[in-house]
Amino acid sequence: MDEEYVEQVLSLVERVPPGRVTTYGLIAETLRGTLGRGGPRQVGAVMAAYGGPVPWWRVVRSDGSLPDSHLPDAHQEYLAEGTPLRRSGSVDLRAAVWWPEEE
DNA sequence: GTTATGACTATGG
DNA sequence: GCCATAGCCATAA
């Protein structure tokens, strides 16, 4: 099944360094390069189903804002990790974005 | 095969 | 950066 896809997604999320974040689209593109399938929405679906154990707050939308429901928890983690935030509470992507390949 | 749905993205305002 | 709209990938009914 898509167990492999799930494994890859979670693996990448776990690799994100503290204080940095990545986006659904970046993960999706990386996996599309290796597995040749999936998309941002699939990554989101995987996170919704299996994202519990991993640092899901380090995965944000392409504009730096977060999924509606996670703001309170995520904000707390960002403060603890020193993730660059903007006044609105969204992440400052320009400073915090992390590309899976650069590790 | 067609529709609806979802932790999405690109584009225009 | 935020809002609305259109497009995308995969799954389910």
Peer 1: I need the CZ-C1' distance between A:R37 and C:dC8, as an integer number of Å.
Peer 2: 17 Å
Peer 1: Dot-bracket for DNA chain C, 5' to 3', with Watson-Crick and G-U pairs under 3.5 Å, [ ] for crossing pairs and | for other-strand pairs: what is it?
Peer 2: .||||||.|||||
Peer 1: Could you note down all residue pairs passing side-chain hydrogen bond (donor to acceptor under 3.5 Å, both in side chains) where residues 70-85 of chain A supplies at least one of them, sequence neighbours left out?
Peer 2: A:W57-A:E81, A:R58-A:E81
Peer 1: Tell me every residue that passes side-chain contact (heavy atoms from CB on, under 4.5 Å) with A:A95, counting only those two or more places apart in sequence or in another chain.
Peer 2: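 For A:A95 the side-chain contact (heavy atoms from CB on, under 4.5 Å) partners, ignoring immediate neighbours, are A:P84, A:D92.
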Peer 1: Restricting to side chain to side chain donor-acceptor pair (under 3.5 Å), what partner residues turn up for A:D63, sequence neighbours left out?
Peer 2: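 Scan of A:D63 (side chain to side chain donor-acceptor pair (under 3.5 Å), adjacent residues dropped) gives A:S65.
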Peer 1: Return the value, rounded to whole Å, for the distance between atom CZ of A:R41 and atom C1' of C:dA6.
Peer 2: 12 Å
Peer 1: Check whether any side-chain heavy atom of A:V60 lies under 4.5 Å from a side-chain heavy atom of A:V97, and answer yes or no.
Peer 2: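 Result no, sub-4.5 Å side-chain heavy-atom pair not found.
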Peer 1: Do A:V59 and A:L12 come close enough that some side-chain heavy atom pair is under 4.5 Å?
Peer 2: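 A:V59 vs A:L12: side chains apart.
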Peer 1: Listing time: all N or O pairs from protein to nucleotides 11-13 of chain C that are below 3.5 Å?
Peer 2:
from   : atom 1 : to   : atom 2 : distance (Å)
C:dT11 : OP1    : A:D2 : OD2    : 2.9

Peer 1: Mind checking the CG-CD spacing from A:L31 to A:E4? Nearest 0.5 Å is all I need.
Peer 2: 9.0 Å
Peer 1: Would you say A:Q8 and A:L35 make side-chain contact, with heavy atoms under 4.5 Å?
Peer 2: yes
Peer 1: Which residues in residues 75-88 of chain A have at least one heavy atom lying under 4.0 Å from any atom of DNA chain C?
Peer 2: A:R86, A:S88
Peer 1: Got a second to check how far A:S90's OG is from A:L66's CG, nearest 0.5 Å?
Peer 2: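 Separation between the atoms: 7.5 Å.
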Peer 1: Sequence neighbours excluded, which residues qualify as side chain to side chain donor-acceptor pair (under 3.5 Å) partners of A:T22?
Peer 2: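 Expected list: none.
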Peer 1: Identify the 5'-most and 3'-most nucleotides of DNA chain B with at least one atom closer than 4.0 Å to a non-hydrogen atom of chain A.
Peer 2: B:dG6 to B:dA10
Peer 1: State, to 0.1 Å, how close A:L10 and A:G51 come at their nearest heavy-atom pair, and which atoms those are.
Peer 2: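 For A:L10 and A:G51, the tightest heavy-atom pair comes out as CD2-CA, 4.4 Å.
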Peer 1: What distance separates A:T30 OG1 from A:W99 CH2, expressed to the nearest 0.5 Å?
Peer 2: 6.5 Å
Peer 1: Pick base, sugar-phosphate or nothing for A:A45, based on heavy-atom distances below 4.0 Å to the nucleic acid.
Peer 2: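 Nothing, no heavy atom under 4.0 Å.
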Peer 1: Can you sort out the partners of A:R61 under salt bridge (Lys or Arg N to Asp or Glu O under 4.0 Å), two or more places apart, ordered by chain and number?
Peer 2: A:D68
Peer 1: For A:E7, check side-chain contact (heavy atoms from CB on, under 4.5 Å) against everything at least two apart and list the hits.
Peer 2: none
Peer 1: With a 4.5 Å limit on heavy-atom distance, are the side chains of A:S62 and A:Y24 in contact?
Peer 2: no
Peer 1: What is the distance, rounded to the nearest whole Å, between atom CG of A:L71 and atom C1' of C:dG1?
Peer 2: 14 Å
Peer 1: Could you tell me which non-hydrogen atom of A:Y5 sits nearest to which non-hydrogen atom of A:G39, and how far apart they are?
Peer 2: OH-N, 3.6 Å
Peer 1: Give me the distance, rounded to whole Å, that separates B:dA7 from C:dA13 when you measure between the C1' atoms they each carry.
Peer 2: 23 Å
Peer 1: When you measure from every atom of DNA chain B, which of residues 56-67 of chain A have a heavy atom less than 4.0 Å away?
Peer 2: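 Those residues whose heavy atoms fall under 4.0 Å from DNA chain B, taken from residues 56-67 of chain A in numerical order, are A:W56, A:R61, A:S62, A:P67.
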